[in-house]
Number of protein chains: 2
Amino acid sequence: MAQRPRITIKDVARAAGCGVATASRVLNKSGPASAATRARVEQAARDLGFAFSATGRALQSRRSRTIGCLIPSLANPVFAEAVQAAQEELRAAGYQLLIASSNYDGSTDNEVLTTLLAQDVDGLLVTMVEPHTSAPLHAARERGLPVSLMFHDPVAGLPSAHVENAAAARIVARQFADRGHRRCGFLALRFATSDRSRSRFEGFAAECAALGLPAPELIEISEAEAANPAILAARLAEYAAVTALFASNDFLAIAVQKAARHLGWQVPQDLSVVGFDGIEVGRLLDRPLATIETAPAALGRQAARTLLAGLQGEEMRQAPPLPFTFRAGATLSAPRAQGPDDDRVAARPPSVPPSPSNDRQDRQG
Amino acid sequence: MAQRPRITIKDVARAAGCGVATASRVLNKSGPASAATRARVEQAARDLGFAFSATGRALQSRRSRTIGCLIPSLANPVFAEAVQAAQEELRAAGYQLLIASSNYDGSTDNEVLTTLLAQDVDGLLVTMVEPHTSAPLHAARERGLPVSLMFHDPVAGLPSAHVENAAAARIVARQFADRGHRRCGFLALRFATSDRSRSRFEGFAAECAALGLPAPELIEISEAEAANPAILAARLAEYAAVTALFASNDFLAIAVQKAARHLGWQVPQDLSVVGFDGIEVGRLLDRPLATIETAPAALGRQAARTLLAGLQGEEMRQAPPLPFTFRAGATLSAPRAQGPDDDRVAARPPSVPPSPSNDRQDRQG
DNA sequence: TGGTGCTGTGGAAACGTTTCCACCCTCATA
DNA sequence: TATGAGGGTGGAAACGTTTCCACAGCACCA
């Protein structure tokens, strides 16, 4: 625990018998130096175990080589994967990632952003509740700091790496309609704090309307409700007429199936379920999940690249939306033929397990 | 993009008509100041939108209020959750998290650590391939930097937030034995680069021996093999005598089931499977996964707390290992009664789906 | 011989803070 | 009326870098 004092470039210079300016030039290969001096300095640095202080450098160069990253939570694998990819990309370019999360809370978003800015970050990688109205985010822009959004639909002036949530949701509506579903539902988690969730619902509802289906039910639930199958089942039971449910993410779609089992409903015969995100486990399930497959890693990478462009003084241009895919799965089928008074609870058990079809359709760019 | 020059405390002092020392005292509430001056300074700071530069502060105080975090990958939800929890804990104490990942590569580990150290971090939160032999990690210790490990069994002098992998694995062996299994296997991912995986195998093998079972088969696979059910199936087919498989993590355990389906094997009748980690989806599956349940968030939190103690100059003491639970599930049962020549491929299909039992056993502290 | 142009070098300023120190006041006490 | 105490204040040093600038020495050319 003996806090040794830091070895500075002065120590190196002294040991090498030269001035700090010379030592700096040698160690940075940034200017002329005689072979002899060069050797002495390098030797001294090695002997002393010298390492530059990023703080000293940052102060003098006014760039910290550090990027601030704000996301709702790393516990959501979609964000975690995006951050992982962004981190790899930035590291390759010599930048470090300073991470903070808000737990989906708008005011925490702003607090955290303020702290990040005070840390002299060179750029910002952000997914937050309200990017368009955030004061600190706006301040960062004003200051000329490169800002790159992730997962958001592009906001005025702020480039965003994103998938077109609404367009993807429209495809889900069409899949339901194609199979003869009419009463659809959208199961939303964190509807108030996630513009992704809202965009998906909008697209879904719009396409339902375009296809002449009744307006889909919007079923908002809390995280607590999502985590408890019995409670979730009770919520779902309120919507017995719904034969096709679009869940705002894959975990929710999986949870729904457990809840359906509670109610004695068969998936997909009594209730078709489609998720969003395309997480890996979804395809390994007995009953592979029908879902919209996205690539969070590609998204993180794209956001990082856009940011890097900005950091190099280039124009930060909005990249095209990232591709997504509708992945067919055994949780989606035609609704059970049913009379007006059909009681779902009396449904017969299925004779054969659903075939684990796993093909892809509707590739989009 | 008009890079406005930074507002410094000098600007505030000038605007308030006082010296920088006074402005600093007012803004930090760190010394005396008349009510009038105080008001002028605060007003000026507000008007100018002043924010302290963490760099300037770090340079002068020789502490950056920043923690370096090194993990294999955020794409693994176990690490992501731990980091998320640690981040929350550290943020509450006024620290920021600088994150880097190594992709399970030992030499990247050391490179990254070196970079992190150069960033003047105040402490280190680490999961890496070889903590006990890492030169930069050792250097950090030498320098008196608090270091807190995550997921590792405690290494000489370095406290680690961990679960007892070997002890947990022993329980799995006992569960298998209790149900009459004799030929067991351990399916290992990244065996060479994960001491967790190795500890689990050791505990598992030791308990098998203690129970008089034959030594378990060690089945090492690559990530590529794990991701492809057909290939994984081919690997598993080599071990037809094995009736009970312990997978080194839950995702692998889920993948195994898909591979088993490929081979026409029934889980659990033909092959019992137990995982490790206790990820949430595991319990939502049709056939809930038997597994060792751990709490990565608690682990991350504990590591952060230990580190915080060190940062406050207190002794960093090794906390007790974190609790784990054996979670029973439908992927574990007695082996199918079979003669010496029984051909598993000819097995009849099961008549009833396994009951989704979900009780817990074997709580440990 | 005097200039010109290199190469190699080091002093010093600057970056934004905090804090030590010295100074000037004012007020109470002797 | 002197003395002391203490509150309020600002100058300046320090933290570890980089870079501007000046200068010394040397070789070359006219």
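Sequence lines set the chain letters: A, B, ... in the order given, protein chains first and strands last, and positions in each chain run from 1. Atoms considered below: every heavy atom in the structure, side chains included; atoms not considered: hydrogens, waters and symmetry mates.
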Item to check | Upstream residue (5' side of DNA chain C) when B:Ser61 and A:Arg62 are each assigned their closest nucleotide | outcome: A:Arg62
Checklist entry - Does the salt bridge (charged side-chain N to carboxylate O under 4.0 Å, His left out) test come out yes or no for B:Arg198 and B:Asp195, once each step is laid out? => result CA-CA 5 Å; B:Arg198 291 196 301 272; B:Asp195 54 0; 5.3 Å; no
Next on the checklist: Counting the atoms with a prime plus P, OP1 and OP2 as sugar-phosphate, which does A:Ala51 contact under 4.0 Å by heavy atoms, base, sugar-phosphate, or nothing?
Outcome noted: sugar-phosphate
Checklist outcome for this item: Between CG of A:Asn28 and P of D:dG16 the distance, given in whole Å, is 16 Å
Next on the checklist: Nearest to the A:Phe52 side chain among D:dT17, C:dC15, C:dT19, which nucleotide is it?
Outcome noted: D:dT17
Could you write out each protein N or O paired with an N or O of nucleotides 8-11 of chain C at a distance under 3.5 Å?
{"unit_1": "C:dT9", "atom_1": "OP1", "unit_2": "A:Ser34", "atom_2": "OG", "d": "3.2"}
{"unit_1": "C:dT9", "atom_1": "OP1", "unit_2": "A:Thr37", "atom_2": "OG1", "d": "2.6"}
{"unit_1": "C:dT9", "atom_1": "OP2", "unit_2": "A:Ser34", "atom_2": "N", "d": "2.9"}
{"unit_1": "C:dT9", "atom_1": "OP2", "unit_2": "A:Ser34", "atom_2": "OG", "d": "3.4"}
{"unit_1": "C:dT9", "atom_1": "OP2", "unit_2": "A:Thr37", "atom_2": "OG1", "d": "3.0"}
{"unit_1": "C:dG10", "atom_1": "OP2", "unit_2": "A:Gly19", "atom_2": "N", "d": "2.9"}
{"unit_1": "C:dG10", "atom_1": "OP2", "unit_2": "A:Thr22", "atom_2": "OG1", "d": "2.8"}
{"unit_1": "C:dG10", "atom_1": "N7", "unit_2": "A:Arg25", "atom_2": "NH2", "d": "3.1"}
{"unit_1": "C:dG10", "atom_1": "O6", "unit_2": "A:Arg25", "atom_2": "NH1", "d": "3.1"}

Checklist outcome for this item: Rounded to whole Å, the CG-P distance (B:Asp120 to D:dG16) equals 9 Å
Next on the checklist: Within this structure, what is the CG-CD distance for the pair B:Asp109 and B:Glu130, rounded to the nearest 0.5 Å?
Outcome noted: 9.0 Å
Checklist entry - When the distance from CD of B:Gln60 to P of D:dG16 is rounded to whole Å, what number comes out? => result 11 Å
Item to check | Separation of atom CD1 in B:Ile9 from atom P in D:dC15, rounded to whole Å | outcome: 20 Å
Item to check | Contacts of type side chain to side chain contact (heavy atoms under 4.5 Å, CB included), residue B:Arg301, not counting sequence neighbours | outcome: B:Ala85, B:Glu89, B:Ala297, B:Ala298, B:Arg305
Item to check | Whole-Å distance separating the CG atom of A:Asp11 from the P atom of D:dT17 | outcome: 9 Å
Item to check | Bend angle of the helix from C:dT1-D:dA30 to C:dA30-D:dT1, end axes from five pairs each (to 10°) | outcome: 70°
Checklist entry - Taking CZ from B:Arg65 and C1' from C:dT17, how many angstroms apart are they, rounded to a whole number? => result 15 Å
Checklist entry - Quick one: is B:Arg57 getting a side-chain N or O under 4.0 Å of the C:dT18 phosphate, OP1 or OP2? => result yes
Next on the checklist: So B:Ala118, base contact, sugar-phosphate only, or nothing? Heavy-atom distance under 4.0 Å.
Outcome noted: nothing
Checklist entry - Contact class for A:Ser53 vs. all strands (heavy atom < 4.0 Å): base, sugar-phosphate, or nothing? => result sugar-phosphate
Checklist entry - Are the side chain of B:Arg6 and the backbone N or O of B:Ala51 linked by a donor-acceptor pair below 3.5 Å? => result yes
Next on the checklist: I'd like to check B:Gln84 versus A:Asn103 (side-chain heavy atoms, cut-off strictly below 4.5 Å). Are they in contact?
Outcome noted: yes
Checklist outcome for this item: OG (B:Ser64) and CG (B:Asp122) are apart, to the nearest 0.5 Å, by 3.5 Å
Next on the checklist: Evaluate B:Arg46 against B:Gln43 for side-chain hydrogen bond (donor to acceptor under 3.5 Å, both in side chains), listing each step before the verdict.
Outcome noted: CA-CA 5 Å; B:Arg46 242 192 318 271; B:Gln43 187 58 45; 3.2 Å; yes
Item to check | Backbone of A:Ser107 reached by a side-chain donor or acceptor of A:Asn110 within 3.5 Å | outcome: no
Next on the checklist: Categorize A:Ser24 for me: base, sugar-phosphate, or nothing, with a 4.0 angstrom heavy-atom threshold over every strand shown.
Outcome noted: base
Checklist entry - Can you check the A:Ile7 CD1 to D:dG16 P distance for me, whole Å? => result 11 Å
Item to check | B:Leu59 side, atom CG; A:Leu59 side, atom CG - distance, nearest 0.5 Å | outcome: 5.5 Å
Checklist entry - Rounded to whole angstrom units, what separation is found between the CZ atom of A:Arg6 and the C1' atom of D:dT17? => result 11 Å
Checklist entry - Taking atom CE of B:Met128 and atom OG of B:Ser101, what is their separation to the nearest 0.5 Å? => result 13.0 Å
